[in-house]
**Student:** 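Structure provided below as structure tokens; questions to follow.
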Amino acid sequence: MCQFVSTKAGDTDAENGIGPEGAKALAVALTPNAEGVLNTSLNTLNLLRNNLEDDGRAAILAALEQSDTLTSVCGIPRSATAMDLSNRQLSYEDAKLLAGELVFNGSLNTLDVRKNSITGDAAQQLAEAVVKHPCIKKFNEIMMQDIKDDKVTELDLSVKDIGVLGALVL
């Protein structure tokens, strides 16, 4: 019997050093194969801060896409509508994983990733995922729905600490 132990939802201090090879091995265990599905109960897995790199992240996101039970690889509970990942030391790699997960998450309407080290093309990828997400109404304390509906006539960004990512979303 294989037992998966999950970290507390949203707890990104797990840092297990799984890396790309470990992520690919996990993806195999989470993906349906010719004999059937190996995972029939795990629905939330937190792989943030594990340096999955491109290969590991691609394998994990493919497993997420193919799974009937797994709904998160970033520790976001299945029924969560809000997730605060601010000030969690999230990196470039984590932003890319989160951007990939947002494609499959239909319930999240509030996301906060302020005060992390998210820059470069990872920030761009996450910003695009947030803008395209049909349900996210509030991102980094920015009321996205009002901006999408073209209802904003004044925007006060003082002391919001929205960072590069928030600016890209705007």
Side-chain angles (χ1 to χ4, degrees), residues 6-16 18 23 42-54 56-67 69-170:
S6 65
T7 61
K8 180 179 144 192
D11 177 10
T12 55
D13 296 327
E15 256 185 278
N16 292 310
I18 291 170
L42 182 67
N43 60 45
T44 303
L45 180 63
N46 187 349
L47 293 174
L48 294 172
R49 294 186 56 199
N50 277 286
N51 299 318
L52 305 182
E53 299 179 9
D54 290 340
R57 182 178 57 258
I60 286 295
L61 290 173
L64 177 62
E65 181 177 23
Q66 295 173 32
S67 178
T69 56
L70 188 62
T71 59
S72 176
V73 293
C74 294
I76 301 172
R78 180 182 296 232
S79 60
T81 57
M83 193 68 185
D84 183 357
L85 295 172
S86 63
N87 203 23
R88 301 287 181 97
Q89 300 174 343
L90 300 183
S91 69
Y92 173 93
E93 290 290 333
D94 299 320
K96 287 185 166 191
L97 185 65
L98 184 56
E101 177 170 321
L102 286 179
V103 171
F104 307 106
N105 181 308
S107 62
L108 205 60
N109 61 41
T110 301
L111 179 62
D112 191 344
V113 294
R114 292 175 298 154
K115 299 180 183 177
N116 285 294
S117 300
I118 300 172
T119 59
D121 66 324
Q124 184 67 43
Q125 285 180 18
L126 184 52
E128 288 173 9
V130 167
V131 170
K132 289 178 184 175
H133 196 283
C135 300
I136 292 183
K137 295 178 179 158
K138 187 176 182 183
F139 176 71
N140 285 3
E141 295 298 315
I142 302 167
M143 297 305 295
M144 296 296 301
Q145 193 60 50
D146 290 344
I147 292 170
K148 288 178 183 180
D149 293 343
D150 201 23
K151 293 180 180 178
V152 176
T153 57
E154 184 177 312
L155 187 60
D156 181 3
L157 298 177
S158 61
V159 198
K160 294 261 192 223
D161 201 16
I162 64 167
V164 172
L165 192 52
L168 285 170
V169 167
L170 286 174

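The residues of the chain are indexed from 1 along the displayed sequence.
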**Student:** How long is the gap from CG on Leu97 to CG on Asn50, to the nearest 0.5 Å?
**Tutor:** 9.5 Å

**Student:** Can a salt bridge be assigned to the pair Asp121 and Lys96 using a cut-off of 4.0 Å between side-chain N and carboxylate O?
**Tutor:** yes

**Student:** Step by step, would you call Leu70 with Asn43 a side-chain contact (heavy atoms from CB on, under 4.5 Å)?
**Tutor:** CA-CA 4 Å; Leu70 188 62; Asn43 60 45; 5.7 Å; no

**Student:** Going from CD1 on Ile118 to OG on Ser91, what distance comes out if it is rounded to the nearest 0.5 angstrom?
**Tutor:**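 Output value for this atom pair is 8.0 Å.
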
**Student:** Just jot down the side-chain hydrogen bond (donor to acceptor under 3.5 Å, both in side chains) partners of Asn116, sequence neighbours excluded, or say none.
**Tutor:** none

**Student:** Rounded at 0.5 Å granularity, tell me how far CZ in Arg114 sits from CG in Asp84.
**Tutor:**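 One finds 7.5 Å between CZ of Arg114 and CG of Asp84.
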
**Student:** So do Val73 and Thr44 actually touch side chain to side chain, heavy atoms under 4.5 Å?
**Tutor:** no

**Student:** So how far is it from Asp94 CG to Leu47 CG, rounded to the nearest 0.5 Å?
**Tutor:** 10.0 Å

**Student:** Hey, can you pull the donor-acceptor pairs under 3.5 Å for the side chains in residues 102-111, sequence neighbours left out?
**Tutor:**
unit_1 : atom_1 : unit_2 : atom_2 : d
Asn105 : OD1    : Ser107 : N      : 3.0
Asn105 : OD1    : Leu108 : N      : 2.9
Ser107 : OG     : Ala80  : O      : 3.0

**Student:** Who pairs with Thr71 by side-chain hydrogen bond (donor to acceptor under 3.5 Å, both in side chains), at least two apart in sequence or on another chain?
**Tutor:**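 side-chain hydrogen bond (donor to acceptor under 3.5 Å, both in side chains) list for Thr71, sorted by chain: empty.
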
**Student:** With sequence neighbours excluded, what pairs up with Glu93 under the salt bridge (Lys or Arg N to Asp or Glu O under 4.0 Å) test?
**Tutor:**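 Partners of Glu93 under the salt bridge (Lys or Arg N to Asp or Glu O under 4.0 Å) test: Arg57.
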
**Student:** When you measure from the side chain of Asn46 to the backbone of Leu48, do you find a donor-acceptor pair of N or O atoms at a distance under 3.5 Å?
**Tutor:** yes

**Student:** Between the side chains of Glu101 and Ser72, is a donor N or O closer than 3.5 angstrom to an acceptor N or O?
**Tutor:** yes

**Student:** Among all residues two or more places apart in sequence or in another chain, which pass the side-chain hydrogen bond (donor to acceptor under 3.5 Å, both in side chains) test with Gln125?
**Tutor:** none

**Student:** Could you work out, with side chain to side chain contact (heavy atoms under 4.5 Å, CB included) as the rule, every residue matching Lys132, not counting sequence neighbours?
**Tutor:** none

**Student:** Quick check: does any side chain N or O of Arg78 sit under 3.5 Å from a backbone N or O of Thr69, one acting as donor and the other as acceptor?
**Tutor:**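 Yes; at least one donor-acceptor contact below 3.5 Å.
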
**Student:** Do Val131 and Ile136 have side-chain heavy atoms sitting under 4.5 Å apart?
**Tutor:**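 Heavy-atom side-chain distance check fails, nothing below 4.5 Å.
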
